[in-house]
Novice: 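The structure is given below, and queries will be raised subsequently.
Atom set for the values below is all heavy atoms of this structure, side chains included, hydrogens, waters and symmetry mates excluded.
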2 protein chains.
Amino acid sequence: MEKMKLKLLYSDLKADIDIIEKELEVALNSSSHLINDASLHLLQAGGKRIRPVFVLISAKFGQYNIDQVKNIAVPLELIHSASLVHDDVIDDSDLRRGRHTVKAQWNNRVAMYTGDFIFARALEYVTSIENPRVHQILAKTMVEICNGEVIQIEDKFRNNQNIKDYFRRIKRKTALLIESSCELGAVVSGLDDKNVRHLKQFGYFVGMSYQIVDDILDFTATDKELGKPAGSDLLQGNITLPILLLKDHPTISKFIESAANGDVTEQQRLEMLHIVRKSDAIKQSISISNHYLRKALKEVDALPNHPMKKKLRDIALFIGKRKF
Amino acid sequence: MEKMKLKLLYSDLKADIDIIEKELEVALNSSSHLINDASLHLLQAGGKRIRPVFVLISAKFGQYNIDQVKNIAVPLELIHSASLVHDDVIDDSDLRRGRHTVKAQWNNRVAMYTGDFIFARALEYVTSIENPRVHQILAKTMVEICNGEVIQIEDKFRNNQNIKDYFRRIKRKTALLIESSCELGAVVSGLDDKNVRHLKQFGYFVGMSYQIVDDILDFTATDKELGKPAGSDLLQGNITLPILLLKDHPTISKFIESAANGDVTEQQRLEMLHIVRKSDAIKQSISISNHYLRKALKEVDALPNHPMKKKLRDIALFIGKRKF
């Protein structure tokens with residue numbers, strides 16, 4: 001149902017999304033069977049491809065050229081994919097979108113070098129790009145994604161953290177890559193600085209909202225909708241917005257301690273979910289997400305008249321209200 | 001004894017090597033205890049620091065400025081260190097220079113993210129560099145190092161490979177980073193194009209010789225000298241020059257098959273070492289290494305008169321004849 005909605009939203013971009021999909025397959029081709037299998041396993045798991053889609057839509061506001069645009073969209077999706085494979089190792093995740101992760105299907109070693117391989121392919125794309133501005137933005141994005149991974153490790157199970165730490169983390173984990181997708185789509189299609197800035201800001205705000213919704217869903221959605229057990233984030237030590245808003249709740253603090261020691265029972269997980277779901281923290285988190293969403297929509301308003309403005313709004317609203 | 005010789009060779013650069021050593025420690029500082037411990041474990045294992053040393057020496061031929069030079073030397077050593085941590089996961093190596101590897105002391109997961117962390121720090125240095133030529137060379141080097149890791153995986157235990165494949169591999173694994181060290185030292189100190197080229201070529205040839213000697217030592221040195229069991233490379237599926245020169249030796253082919261299946265006995269390892277050591281393949285490999293060394297020395301001859309010319313020659317000769 002939700003996936004249908006997204007398909008509908010993407011429908012008039014389908015031909016170009018297919019081109020990018022094919023290019024991704026070519027980029028991930030390796031003479032090693034194992035690398036091939038693991039990369040394709042990951043690629044076929046799909047995902048929403050929102051980064052490439054934002055590149056396409058942003059580029060539509062200027063001189064749209066799919067051959068140019070795909071060279072931006074592909075490395076961005078590759079960087080995202082590479083970070084997912086390594087994240088699953090760091091978080092010790094066995095499931096993602098209802099499928100086994102690379103580290104679960106094979107092992108940590110294969111996941112490490114599959115991620116390295118995909119990142120190397122992305123780096124290759126990046127260095128082949130001649131426009132120094134594009135190059136600079138992509139390189140900076142890569143640095144921040146790598147740093148984001150490190151910060152995520154450093155903050156794991158850390159109890160003296162606050163909401164500012166959380167925002168710092170999701171900015172690097174999600175918002176920056178979506179911001180860069182919009183910015184780069186706009187830059188390569190020759191938009192003026194003012195509109196590049198609006199699209200870039202739009203991407204940042206949507207990205208923040210996107211990750212907050214993701215972090216809410218981890219508590220509120222069903223295991224089936226998530227394709228993994230609800231509450232996985234906290235089990236893995238990732239302390240997200242709803243938990244920070246519930247700060248100092250004694251049962252939750254004890255839960256985090258138990259999770260850090262790896263001895264959480266199913267009973268405790270359900271109890272934790274119950275506390276979070278009935279608390280105000282979810283409502284407050286939704287309201288913070290909506291705050292970012294409103295800021296994103298304001299940036300759309302500031303863009304010149306164009307049929308793609310409605311598309312940006314629709315996707316932003318879908319992201320804010322989605323259930324997966 | 002060997003280490004004494006190296007120390008002597010480095011003696012008049014010691015103050016600046018110490019500056020780089022301190023900068024490396026700063027670069028690897030993280031708020032995560034685990035990342036800190038693992039990075040320092042790696043840093044303290046030492047190594048010859050030949051990449052920073054080649055940056056320093058090459059820079060001495062021009063307008064030498066340690067504050068500039070260290071910003072090149074540090075990311076180069078970081079890229080090298082990051083690749084070592086991941087290589088040990090790929091090769092399943094428990095020992096390096098007589099110490100436990102990160103993956104052995106902790107596990108594959110910690111080794112993965114320690115490598116990612118160090119690489120992220122290197123990326124950060126690279127993007128902060130303003131000179132576009134330096135930036136371009138470093139970025140290209142990173143791509144090749146990442147690709148080198150992938151090629152190493154793809155070629156593992158592969159029996160239909162030839163000497164050309166081997167050269168392609170060691171070029172990316174070792175020679176390119178040493179080449180870039182020399183080139184970048186020369187570029188930042190403002191050498192003219194002709195001399196930049198000589199130093200760059202010198203680095204490439206020395207790097208090829210360096211890796212060939214490494215691959216020979218893996219068969220000819222003692223376990224104690226190596227700080228790991230002799231023949232480890234082949235056990236891990238890395239088919240190096242001496243083996244390619246011995247191609248189709250039935251016992252060796254059978255050994256590779258057994259190694260791929262992970263069932264090699266100590267008896268078989270010693271037998272394999274005996275065959276390689278008494279064969280002509282070692283002599284032939286030394287002769288190929290010397291061929292590269294001679295080419296390296298020719299590049300030194302072409303450089304303008306400078307006290308550092310003798311230093312380059314001495315280090316090249318040390319590398320060619322070293323026992324560790």
Novice: What part of A:R158 lies closer than 4.5 angstrom to a heavy atom of chain B: side chain, backbone, both or neither?
Specialist: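 Contact with chain B is absent: no heavy atom of A:R158 under 4.5 Å.
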Novice: Out of curiosity, B:E124 CD to A:E144 CD, how far, rounded to the nearest 0.5 Å?
Specialist: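 Rounded to the nearest 0.5 Å, the CD-CD separation comes out at 7.0 Å.
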Novice: Which answer fits B:H135, side chain, backbone, both or neither, if we ask what part of it has an atom under 4.5 Å from a heavy atom of chain A?
Specialist: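 Contact with chain A is through the side chain of B:H135 alone.
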Novice: Within this structure, what is the CD-OH distance for the pair A:Q152 and B:Y113, rounded to the nearest 0.5 Å?
Specialist: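 Separation between the atoms: 11.5 Å.
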Novice: Looking at A:G115, A:A111, A:A120, which makes the most heavy-atom pairs under 4.5 Å with chain B?
Specialist: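 When all of A:G115, A:A111, A:A120 are compared, A:A120 has the most.
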Novice: If you measure from CD on B:E149 to CZ on A:F119, what distance do you get to the nearest 0.5 Å?
Specialist: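 Nearest 0.5 Å value for the CD-CZ distance: 11.5 Å.
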Novice: Could you measure the distance from the CZ atom of B:R109 to the NE2 atom of A:H86? Nearest 0.5 Å is fine.
Specialist: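 One gets 12.5 Å once the value is rounded to the nearest 0.5 Å.
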Novice: Name the option with the most non-hydrogen atom pairs under 4.5 Å to chain A; the candidates are B:N107, B:I35, B:I153.
Specialist: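 If we count pairs closer than 4.5 Å to chain A, B:I153 comes out on top.
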Novice: Within the 4.5 Å heavy-atom criterion, are B:M112 and A:D116 side-chain neighbours or not?
Specialist: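 Heavy-atom side-chain distance check fails, nothing below 4.5 Å.
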Novice: Within the supplied structure, the quantity of interest is the number of heavy atoms (other residues, nucleotides, ligands) at a distance under 6.0 Å from A:K156 NZ; does it exceed 12?
Specialist: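 Check passes, neighbour count above 12.
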Novice: Under a 4.5 Å cutoff for heavy-atom pairs, which residue among A:N147, A:I151, A:N108, A:L34 has the most contacts with chain B?
Specialist: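 Result: the option with the highest number of such pairs is A:N147.
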